[in-house]
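To start, the structure itself, in structure tokens.
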Amino acid sequence: METFAYEPQGVCARRFVITVDDNHIKDIEIVGGCPGNLLGISQLLRGMDMDEVIQKFSGVHCGRKPTSCPDQIAAALQAYKSQA
């Protein structure tokens, strides 16, 4: 099991702390952002395969912003996978 931190860009959330084990998300703590939405997202992500999350969340926009918290979660997981 490994925990890593990621600082998202272009969104209200300030930090993600993600624990992964065998390509699955065990836990994700999201600091900042929209509390209710991000708490719900973090609960849904527990136990999910990282590749599935990347596929579903990549490219999701928030209004007119070119990114979103889900898109930045996908970016965090991609960054983790590329350095692992």
Walk me through it: do Gln72 and Tyr6 pass the test side chain to side chain contact (heavy atoms under 4.5 Å, CB included)? CA-CA 9 Å; Gln72 287 296 297; Tyr6 183 84; 3.8 Å; yes
To the nearest 0.5 Å, what is the distance between [atom1] ([X]) and [atom2] ([Y])?
X: Thr19; Y: Glu2; atom1: OG1; atom2: CD; answer: 9.5 Å
X: Asn37; Y: Cys12; atom1: CG; atom2: SG; answer: 11.0 Å
X: Phe4; Y: Gln83; atom1: CZ; atom2: CD; answer: 8.0 Å
X: Asp21; Y: Met50; atom1: CG; atom2: CE; answer: 10.5 Å
X: Met48; Y: Asn23; atom1: CE; atom2: CG; answer: 11.5 Å
X: Ile30; Y: Ile73; atom1: CD1; atom2: CD1; answer: 4.0 Å

Tell me whether [X] contacts the main-chain N or O of [Y] through its side chain, where contact means a donor paired with an acceptor under 3.5 Å.
X: Ser68; Y: Val60; result: yes
X: Ser58; Y: Gln55; result: no
X: Asp49; Y: His24; result: no
X: Glu29; Y: Phe16; result: no

Least distance between heavy atoms, [X] atom then [Y] atom:
X: Val11; Y: Cys69; value: CG1-N, 3.6 Å
X: Asp71; Y: Gly59; value: OD1-N, 2.7 Å
X: Ile25; Y: Leu45; value: CB-O, 3.6 Å

Got a salt bridge between Lys81 and Asp51, using NZ or NE/NH1/NH2 to carboxylate O under 4.0 Å?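 Here Lys81 pairs with Asp51 in a salt bridge, since their nearest N and O are under 4.0 Å apart.
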For the residue pair [X] and [Y], establish whether any side-chain heavy-atom pair is separated by less than 4.5 Å.
X: Val17; Y: Ile28; result: no
X: Val20; Y: Tyr80; result: yes
X: Lys26; Y: Met1; result: yes
X: Pro70; Y: Ile41; result: yes
X: Asp27; Y: Ile18; result: no

Under 6.0 Å from the CD atom of Gln78, do we count more than 12 heavy atoms belonging to anything else shown?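 Result for CD/Gln78: enclosed.
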